[in-house]
Amino acid sequence: MNLHRLDLVSLSLFSLVARSGSISKGAALASLAVGAASKRIADLEDAVGAALLERHSRGVTLTVAGQALQRHAQRILSDVDQLAADLSDYASGLVGVVRLWANTSAVTQFLPSDIASFVRRNPGIRIELEEEDSSEVVLAVMDGRADFGIFADRTPAIGLHLMNYREDRLVLVVPRGHALARRRTARFEEVVDDDFVSLSKGTSLAQRLQAETEVLGRRLKMRIQVRSFDAMCRMVAAGMGVAILPGEAIRPYVRSMNLHEVALDDAWATRRLLIGLRDANAVPRHVRMLIDHLCAAPRR
């Protein structure tokens, strides 16, 4: 077996033959003469050391070896297409790609304007942003799927180099008619016995509420769990409970849904959003440029 003799033209032809069920149809799709296509298929079988096609009067079908080659050929051809797309970006002046993972609070409150201003100044750097829970962000940085991440404080991040990004302020969101709706400030202990609308238990926000409830020696009544700030506000507006959310992220919903925002007079309601990366001394220049920009962004 000499797999070094495989070439992309032959793999592409084989994939077309496999999909069409015919060497002649595959040859036509590949813009090859039937004789040339047959020779390439024969060369593939010789390189692999096994028959790839079963030939019959109605066309061809794949052997077991042919099925294996087809699976790998599809992956290889897909990777080549992605390679071509990536290289075309660099040919057009792309300097580098930054893989950034961030939690919802950072994505909804701060990153849109921060990333937009960076891209305006650095059009050759492409940012691939992924929104996930804080714990998933940390895991992505640790296993190399992300160049760096942004997540809430209190998220376990052992081994990561941490920097401050922003602070946000959690607020109480209540429906019209709630006992605290006319208040400007309140303490968490005043609503701890209410029904709560929350994000899923694995999120940093839900874990923060659970921890602070336990500090008070109470049990959090988590009535409904949803996946977005928007959905949380809708549930509160429908009278399904109260919620604690980042103030800046939910103000448009508060106005449009006729909700009431009450400042929380608790120290833990001020959160730090952190930038985490594996090795501060081994960061590519284009990644460092974005980190420096985010750390220097004006605080609102």
Side-chain angles (χ1 to χ4, degrees), residues 79 82-83 85-86 89-90 94-170 198-211 225-229 245-246 248-249 268-300:
D79 286 344
Q82 185 60 55
L83 173 62
D86 289 346
D89 285 338
Y90 287 102
L94 186 69
V95 174
V97 177
V98 182
R99 300 166 302 157
L100 168 59
W101 288 43
N103 70 356
T104 301
S105 292
V107 170
T108 56
Q109 296 182 102
F110 308 119
L111 283 176
S113 59
D114 287 351
I115 289 178
S117 61
F118 178 82
V119 170
R120 283 194 298 270
R121 299 175 189 173
N122 303 278
I125 299 176
R126 187 174 72 215
I127 300 171
E128 296 179 351
L129 174 62
E130 187 90 17
E131 179 183 346
E132 282 291 350
D133 297 339
S134 287
S135 58
E136 289 299 317
V137 172
V138 170
L139 289 176
V141 176
M142 287 180 169
D143 64 23
R145 286 174 291 155
D147 294 310
F148 70 95
I150 299 175
F151 47 89
D153 61 3
R154 299 193 184 185
T155 305
I158 297 174
L160 293 188
H161 177 79
L162 303 179
M163 293 176 281
N164 289 323
Y165 171 48
R166 295 290 189 104
E167 284 188 352
D168 69 356
R169 185 78 186 173
L170 298 176
S198 175
L199 296 176
S200 62
K201 291 181 180 179
T203 62
S204 61
L205 180 55
Q207 291 172 353
R208 199 181 198 91
L209 293 184
Q210 187 65 52
Q225 297 175 60
V226 292
R227 296 184 61 84
S228 70
F229 295 163
L245 287 160
E248 193 162 339
W268 59 264
T270 298
R271 299 189 305 173
R272 288 187 303 145
L273 297 179
L274 304 174
I275 290 175
L277 60 158
R278 283 174 295 172
D279 186 351
N281 297 316
V283 180
R285 181 174 178 273
H286 58 279
V287 176
R288 170 59 65 184
M289 287 171 64
L290 177 58
I291 292 174
D292 290 345
H293 175 82
L294 295 179
C295 290
R299 301 320 190 226
R300 293 189 295 273

Looking only at non-hydrogen atoms, find the nearest pair between [X] and [Y] and report the distance.
| X | Y | answer |
| --- | --- | --- |
| Val141 | Leu277 | CG1-CA, 3.8 Å |
| Ala280 | Arg288 | O-NH2, 3.1 Å |
| Ser228 | Leu199 | N-CD2, 3.7 Å |
| Pro246 | Leu170 | N-CD2, 3.7 Å |
| Asn103 | Val137 | N-CG2, 4.0 Å |
| Val138 | Ala157 | CG1-CA, 4.1 Å |

Student check: side-chain heavy atoms of [X] and [Y] closer than 4.5 Å:
| X | Y | result |
| --- | --- | --- |
| Leu209 | Trp268 | yes |
| Phe118 | Ile127 | yes |
| His293 | Met289 | no |
| Ile125 | Leu290 | no |
| Ile150 | Val107 | no |
| Asp168 | Glu248 | no |
| Phe229 | Ser105 | yes |
| Tyr165 | Leu111 | yes |

If you measure from [atom1] on [X] to [atom2] on [Y], what distance do you get to the nearest 0.5 Å?
| X | Y | atom1 | atom2 | answer |
| --- | --- | --- | --- | --- |
| Leu273 | Phe110 | CG | CZ | 6.0 Å |
| Leu139 | Ser134 | CG | OG | 11.0 Å |
| Met163 | Asp292 | CE | CG | 7.5 Å |
| Ser204 | Arg271 | OG | CZ | 5.0 Å |
| His286 | Ile291 | NE2 | CD1 | 10.0 Å |
| Gln207 | Arg154 | CD | CZ | 10.5 Å |

side-chain contact (heavy atoms from CB on, under 4.5 Å) between Asn281 and His161, intermediate numbers included: CA-CA 10 Å; Asn281 297 316; His161 177 79; over 6 Å; no
Which residues share a side-chain contact (heavy atoms from CB on, under 4.5 Å) with Arg120, sequence neighbours left out: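 Once residues adjacent in sequence are excluded, the partners of Arg120 under the side-chain contact (heavy atoms from CB on, under 4.5 Å) criterion are Ala116, Ser117.
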Partner set under salt bridge (charged side-chain N to carboxylate O under 4.0 Å, His left out) for Asp133, not counting sequence neighbours: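 None.
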Judged by atom type as modelled, is there a donor-acceptor pair below 3.5 Å linking the side chain of [X] to the main-chain atoms of [Y]?
| X | Y | value |
| --- | --- | --- |
| Arg99 | Arg145 | yes |
| Asp153 | Arg272 | yes |
| Thr108 | Ala249 | no |

Glu131 versus Thr104, side-chain donor and acceptor atoms under 3.5 Å: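 Short answer, yes.
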Pairing of Glu167 and Arg169 as salt bridge, 4.0 angstrom limit: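 Here Glu167 does not pair with Arg169 in a salt bridge, since their nearest N and O are not under 4.0 Å apart.
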Passing candidate, side-chain contact (heavy atoms from CB on, under 4.5 Å) with Arg166, options Leu274, Ile275, Asp114: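 So, applying the side-chain contact (heavy atoms from CB on, under 4.5 Å) to Arg166 and each of Leu274, Ile275, Asp114, only Asp114 qualifies.
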Verdict with supporting geometry, Glu130 and Leu100, side-chain contact (heavy atoms from CB on, under 4.5 Å): CA-CA 6 Å; Glu130 187 90 17; Leu100 168 59; over 6 Å; no
